[in-house]
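Worksheet: one structure, shown below.
Bear in mind the structure is a predicted one, so any value in this text is a computation, not a measurement.
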Amino acid sequence: MPYNIALIEPEIPNNTGNIGRLALGTNSRLHLIKPFGFEISDSRLKRAGLDYWKHIDITYYENIDEFFKINIDAKMAFMSSKASKSYLDIPFEENLFLVFGKESVGLSENITNNHTSQLYKIPLHSEKIRSLNLANAVAITVYEGLRHL
């Protein structure tokens, strides 16, 4: 399995649906960490994921503590606009966890403070935006990782 895509408290069902579809298309595992900003049965999530949703390898977690406890020994890269290193510097390898925060605020300060050496960002070339769409950021990162494999 190439990668583990972890979404911490995703808020927008369309993004999560698109990311699920991407996970299936790249043979990656999707990890969804509650609370969600939508119901998992939301029609927008299903529409974005099309009829592929039932085929996606998904693990659900009740909260961030459970996620870290279960994956304590996993190698992780945390994506944040607050990072100083580029996503091109991620030490990509199979089964790496690519961790993304929620759409409105990204990763919590607790996570960014505790994982500073594992923080990466996708550089932006305009001062007029704060971040990319979550589904786009995941796609960029996963496909760069696949290029390394």
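- Not one N or O on the side chain of Asn136 forms a donor-acceptor pair closer than 3.5 Å with the backbone of Leu132.
- A distance of 5.0 Å separates CG in Asn63 from CG in Asp65, rounded to the nearest 0.5 Å.
- Of the inter-residue distances, the one linking Phe78 atom CZ with Gln118 atom CD reads 5.5 Å to the nearest 0.5 angstrom.
- Ser86 contributes no side-chain N or O that, together with a main-chain N or O of Asp89, makes up a donor-acceptor pair within less than 3.5 Å.
- Across all non-hydrogen atoms, the minimal contact from Ala23 to Leu30 is CB-CB, 4.3 Å.
- Atom CD1 of Ile8 is separated from atom CD1 of Ile33 by 5.0 Å, given to the nearest 0.5 angstrom.
- Within the 4.5 Å cutoff, no side-chain heavy atoms of Tyr60 are placed close to those of Phe67.
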Quiz item: Which is it for Leu22 and Thr26 under the side chain to side chain contact (heavy atoms under 4.5 Å, CB included) test, yes or no, and what are the steps along the way?
Solution: CA-CA 6 Å; Leu22 174 84; Thr26 60; 4.2 Å; yes

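- Under the 4.5 Å side-chain heavy-atom criterion for ILVMFWY residues, no single connected hydrophobic cluster contains both Ile111 and Ile72.
- Here the side chain of Asn18 pairs no donor or acceptor atom with the backbone of Ala135 at under 3.5 angstrom.
- For the pair Pro123/Tyr87, a side-chain contact is recorded, criterion being any heavy-atom separation below 4.5 Å from C-beta on.
- Tyr120 and Pro91 make their closest contact through OH-CD, 3.4 Å (heavy atoms, listed as atom of the first residue, atom of the second, distance).
- Of all heavy-atom pairs spanning Leu107 and Met79, the tightest one is CD1-O, 3.3 Å.
- Annotation: side chain of Glu94 is in contact with side chain of Leu149 (closest heavy-atom distance under 4.5 Å).
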Exercise. For Phe97 and Phe68, run ring pair (Phe, Tyr, Trp, His ring centres under 6.0 Å): C-alpha distance rounded to whole Å, both residues' side-chain angles, the deciding distance at 0.1 Å, then the answer.
Key: CA-CA 11 Å; Phe97 276 75; Phe68 282 121; 9.4 Å; no

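- Between Glu9 and Lys34 no salt bridge is recorded (no basic side-chain N to carboxylate O distance below 4.0 Å).
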Quiz item: Checking side-chain hydrogen bond (donor to acceptor under 3.5 Å, both in side chains) for the pair Asn114/Asn110: CA distance, chi angles, key distance, verdict?
Solution: CA-CA 6 Å; Asn114 288 326; Asn110 184 42; 2.9 Å; yes

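- Taking the side chain as every heavy atom from C-beta outward, Ile90 and Leu96 approach each other to under 4.5 Å.
- At most 12 non-hydrogen atoms from other residues, nucleotides or ligands lie less than 6.0 angstrom from NZ of Lys75.
- Under the 4.5 Å side-chain heavy-atom criterion for grouping Ile, Leu, Val, Met, Phe, Trp and Tyr, Val99 is not connected to Ile56 through any hydrophobic cluster.
- The existence of a salt bridge linking Lys69 and Glu66 is excluded, since no basic side-chain nitrogen approaches an acidic carboxylate oxygen closer than 4.0 Å.
- Hydrophobic clustering, with ILVMFWY side chains joined whenever heavy atoms are under 4.5 angstrom apart, groups Phe92 together with Val142.
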Exercise. Tell me, with the steps shown, if Leu98 and Val138 meet side chain to side chain contact (heavy atoms under 4.5 Å, CB included).
Key: CA-CA 8 Å; Leu98 300 169; Val138 173; over 6 Å; no

Exercise. Could you please spell out the steps behind the side chain to side chain contact (heavy atoms under 4.5 Å, CB included) verdict for Tyr3 and Leu146?
Key: CA-CA 9 Å; Tyr3 294 105; Leu146 289 176; 4.0 Å; yes

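- The two residues Ser81 and Lys121 have their closest heavy-atom pair at O-CD, 4.0 Å.
- Annotation: the span from Ser80 atom OG to Ile122 atom CD1 amounts to 11.0 Å, rounded to 0.5 Å.
- Annotation: the span from Thr116 atom OG1 to Lys85 atom NZ amounts to 8.0 Å, rounded to 0.5 Å.
- Two residues are said to be in side-chain contact when any heavy atoms from C-beta on lie closer than 4.5 Å; Thr59 and Arg29 meet this criterion.
- Looking at Tyr143 and Thr141, their side chains never come closer than 4.5 Å, going by heavy atoms from C-beta outward.
- Between Thr16 and Leu134 the shortest side-chain heavy-atom distance does not fall below 4.5 Å.
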Exercise. Could you walk me through whether Ile19 and Ile5 pass the side chain to side chain contact (heavy atoms under 4.5 Å, CB included) test, one step at a time?
Key: CA-CA 8 Å; Ile19 294 165; Ile5 301 166; 3.9 Å; yes

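- Looking at Tyr61 and Asn71, their side chains come closer than 4.5 Å, going by heavy atoms from C-beta outward.
- Screening Glu109, Glu103, Lys102 against Val105 for a side chain to side chain contact (heavy atoms under 4.5 Å, CB included) leaves a single residue, Lys102.
- Both Phe100 and Leu88 are members of a single hydrophobic cluster when ILVMFWY side chains are connected at heavy-atom separations under 4.5 Å.
- Leu7 and Ile70 are members of different hydrophobic clusters when ILVMFWY side chains are connected at heavy-atom separations under 4.5 Å.
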